[in-house]
Amino acid sequence: MSTLQNRSLQARQANRVTLIGAGIDLVVGLAKLVAGWLVGSAALIADGIHSFSDIVTDLFVVAATHFGRQAPDSDHPYGHGRIETLATLWLGGMLIFIAGGIAWSSLTRLLDGGAATAPGIWAIIVAVLALLAKEWIFRYTLRVARKIDSRLLEANAWHSRSDALSTLVVLVGLVAAQFGIGWMDAAAAIVVGVMVGQVGGRLLWESGQELVDTALPADQQHTLHQTAMTVPGVEGVHDLRTRRIGGEVLLDLHIVVAPRVTVSEAHEIGNAVSRQLRDVHPNLFDVTFHIDPQDDAGETEHSLRPALPLRDDVENLLDEAWHGIDLWHERIALNLHYIDEHIDVSIYIDGLPDDRNLDDAARELRDAASALTWLGRLRIWQGPGKS
């Protein structure tokens with residue numbers, strides 16, 4: 001299944017469970033409000049308002065999941081996962097706002113000395129049924145969220161769990177009021193507000209961490225590092241950086257390979273690392289690797305170092321130094337290796353006169369180029385298997 005098809009399937013699964021939850025929230029919210037109004041329970045009415053707030057967030061989650069799981073485009077090359085992150089941020093803020101309203105009104109009622117009358121058995125039954133319904137939708141939503149790795153859907157699941165917990169607290173208040181402890185109803189509503197606020201605060205914190213590109217936990221980064229090191233041809237891994245966008249992970253890393261392998265071989269080693277990492281961490285959305293011919297971890301960034309000459313300049317400078325040497329003009333290939341702030345030069349020739357050897361030829365070239373401070377190792381290659 002392609003990435004686009006997988007995202008579409010995940011979006012449908014998320015929308016299905018969210019719409020089922022919205023239907024349950026509608027029925028549960030109406031039942032709580034009607035029962036709370038009939039028996040005069042502030043806690044039950046507050047809990048009913050909480051359930052109706054779930055419907056709003058459910059619809060918001062459906063929209064955010066739909067757009068957040070769309071494929072990358074020219075304006076959003078890393079995808080639309082941050083839409084889910086922003087939605088989670090909004091959800092957390094909304095929960096805190098609702099929590100403050102519930103807690104404030106209930107605290108005012110408690111301080112005024114108002115006490116709830118005995119609610120009756122029907123109000124208690126409504127609370128029990130609502131508790132069971134919300135607990136079921138929490139477990140169902142959480143299972144789907146973990147299956148498709150959606151932090152937004154997981155946040156919505158915990159929103160449902162907060163409603164279940166608040167209903168449990170309300171149930172305690174109703175039972176207490178039934179036995180004549182009327183002030184427990186308002187106290188229970190305050191506890192509901194605090195619990196909802198805690199959930200909102202956690203969602204704000206987690207989504208905020210994602211927005212500032214917080215890395216994966218240290219143990220997961222260690223696993224990724226060790227996995228990359230197992231690939232043949234990899235001599236080191238450094239500057240491994242991770243961040244999350246929605247339910248997906250982006251990874252950047254530097255891969256150290258042997259300094260004189262070809263560009264194509266080094267790139268294929270990087271591809272092998274990428275494949276291995278995706279097998280270990282299926283949520284990797286994008287892997288960007290940089291091939292290093294040496295371990296330069298902790299050193300000054302390459303673009304900030306003094307520049308070494310590139311091939312055209314190197315050939316011109318060598319031509320100035322070796323213009324009078326026949327071997328230089330008879331070369332058939334020239335390879336350059338940029339290692340340890342120097343340029344190693346390999347010259348390929350068809351052959352040498354019988355009275356000359358490669359060591360003497362290399363010494364002549366080295367002496368003529370002694371003023372070139374950037375020149376590193378100099379090698380002359382003659383035919384296959386000779387150097």
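Heads up: numbering here begins at 1 and tracks the sequence.
- Rounded to the nearest 0.5 angstrom, Ile339 CD1 and Leu308 CG are separated by 11.5 Å.
- Partners of Glu320 under the salt bridge (charged side-chain N to carboxylate O under 4.0 Å, His left out) rule, at least two apart in sequence or in another chain, do not exist in this structure.
- Annotation: ring-ring contact (aromatic ring centres under 6.0 Å, His included) contacts of Tyr140 (sequence neighbours excluded): Trp136.
- Side-chain polar atoms of Thr288 and Asp286 form a donor-acceptor pair below 3.5 angstrom.
- Judged purely by atom type and a 3.5 angstrom limit, Ser274 has no side-chain atom pairing as donor or acceptor with the backbone of Gly270.
- Taking a 6.0 Å sphere around CG of Asp312, one finds it holds 12 or fewer heavy atoms contributed by other residues, nucleotides or ligands.
- In plain terms, the two heavy atoms of Tyr338 and Arg311 that are nearest each other are OH-N, 3.9 Å.
- Across all their heavy atoms, Ala321 and Leu372 have their closest contact at CB-CD1, 4.5 Å.
- Considering only heavy atoms from C-beta on, Leu250 stays 4.5 Å or farther from Thr242 through its side chain.
- In this structure, Asp239 CG and Ile255 CD1 are separated by 12.0 Å, a value rounded to the nearest 0.5 Å.
- Residues satisfying the salt bridge (charged side-chain N to carboxylate O under 4.0 Å, His left out) test with Arg278, not counting sequence neighbours, are none.
- Using a 4.5 Å cut-off on side-chain heavy atoms (C-beta onward), Leu336 and Asp344 make no contact.
- Although no hydrogens or angles enter the test, the distance criterion places no donor-acceptor pair under 3.5 Å between the side chain of Asp319 and the main chain of Glu315.
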Subject >> Pair Asp350-Glu330, side chain to side chain contact (heavy atoms under 4.5 Å, CB included): steps then yes or no >> reply: CA-CA 8 Å; Asp350 275 331; Glu330 296 169 359; over 6 Å; no
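- Using a 4.0 Å cut-off between charged side-chain N and carboxylate O, Glu265 and Arg260 make no salt bridge.
- Val287 has its side chain within reach of Leu253: a pair of non-hydrogen atoms, C-beta onward, lies under 4.5 Å apart.
- Across Ala266 and Val261, no two heavy atoms sit closer than the pair CB-CG2, 3.9 Å.
- Under the salt bridge (charged side-chain N to carboxylate O under 4.0 Å, His left out) criterion, the residue pairs touching residues 360-370 are Arg356-Glu364, Asp360-Arg363, with sequence neighbours excluded.
- By the salt bridge (charged side-chain N to carboxylate O under 4.0 Å, His left out) test, Glu235 is found to be paired with no residue, residues two or more places apart in sequence or in another chain being considered.
- Taken together through direct or relayed side-chain contacts under 4.5 Å among Ile, Leu, Val, Met, Phe, Trp and Tyr, Val280 and Phe285 form parts of separate hydrophobic clusters.
- Transitive grouping of hydrophobic side chains (ILVMFWY, heavy atoms separated by less than 4.5 Å) brings Val17 and Val28 into a common cluster.
- Trp322 and Trp328 have perpendicular rings, their planes meeting at more than 60° on a 0 to 90° scale where under 30° would count as parallel.
- At a threshold of 4.5 Å between non-hydrogen side-chain atoms, the residues Ile349 and Ile332 do not count as touching.
- Residues Asn357 and Leu352 form no side-chain contact, since every pair of their non-hydrogen atoms from C-beta on lies 4.5 Å or further apart.
- Atom NE2 of His323 is surrounded by 12 or fewer heavy atoms from other residues, nucleotides or ligands within 6.0 Å.
- Residues that satisfy the salt bridge (charged side-chain N to carboxylate O under 4.0 Å, His left out) test with Arg377, not counting sequence neighbours, are absent from this structure.
- His342 meets the ring-ring contact (aromatic ring centres under 6.0 Å, His included) test with no other residue; sequence neighbours excluded.
- In this structure a side-chain-to-backbone donor-acceptor pair under 3.5 Å is missing from Gln382 to Tyr348.
- Two different hydrophobic clusters hold Leu33 and Val27 under the rule that ILVMFWY side chains link at heavy-atom gaps under 4.5 Å.
- Among the candidates Leu224, Val273, Val256, Val234, the single residue satisfying the side-chain contact (heavy atoms from CB on, under 4.5 Å) test with Met229 is Val234.
- Nearest heavy atoms, Ala228 versus Val237: CB-CG2, 3.7 Å.
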**OP:** For salt bridge (Lys or Arg N to Asp or Glu O under 4.0 Å), just list the numbers for Asp213 and Arg244, CA-CA rounded to whole Å, side-chain angles, deciding distance to a tenth of an Å, and then say yes or no.
**Re:** CA-CA 7 Å; Asp213 289 336; Arg244 296 185 68 99; over 6 Å; no
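- To the nearest 0.5 Å, atom CG of residue Leu251 and atom CG of residue Leu240 are 5.0 Å apart.
- Contact check for Trp374 versus Pro309: side-chain heavy atoms found under the 4.5 Å cut-off.
- Cluster annotation: Leu26 is not connected to Val126 through the hydrophobic network of ILVMFWY side chains, with a link wherever side-chain heavy atoms come within less than 4.5 Å.
- Proximity of a side-chain donor or acceptor of Thr141 to a complementary backbone N or O of Ala157 within less than 3.5 Å is not detected.
- Under a 4.5 Å side-chain heavy-atom cut-off, the cluster of Ile, Leu, Val, Met, Phe, Trp and Tyr residues that includes Ile96 is completed by Leu86, Leu89, Leu204, Leu211.
- No side-chain donor-acceptor contact under 3.5 Å links Arg241 to the backbone of Ala215.
- In this structure, the side chains of Leu142 and Val144 stay at 4.5 Å or more apart for every pair of heavy atoms.
- Arg379 has its side chain out of reach of Asn335: every pair of non-hydrogen atoms, C-beta onward, lies at least 4.5 Å apart.
- Every residue meeting the side chain to side chain contact (heavy atoms under 4.5 Å, CB included) condition with Ala362, not counting sequence neighbours, appears here in chain and number order: Ile380.
- Partners of Gln220 by side chain to side chain contact (heavy atoms under 4.5 Å, CB included), not counting sequence neighbours, listed by chain and number: Leu216, Pro217, His281.
- Residues Asp292 and His238 bring a donor and an acceptor atom of their side chains to less than 3.5 Å of each other.
- Not counting sequence neighbours, Arg243 has no partner by the side chain to side chain donor-acceptor pair (under 3.5 Å) test.
- Rounded to the nearest 0.5 angstrom, Leu30 CG and Asp25 CG are separated by 11.0 Å.
- Remark: Leu378 CG to Ile347 CD1 distance equals 5.5 Å, nearest 0.5 Å.
- No donor-acceptor distance shorter than 3.5 angstrom exists from the side chain of His254 to the backbone of Phe289, with no hydrogens or angles considered.
- Separation of atoms CG (Leu129) and NZ (Lys32) is listed at 11.0 Å; rounding is to 0.5 Å.
- Arg139 meets the side chain to side chain donor-acceptor pair (under 3.5 Å) test with Glu135; sequence neighbours excluded.
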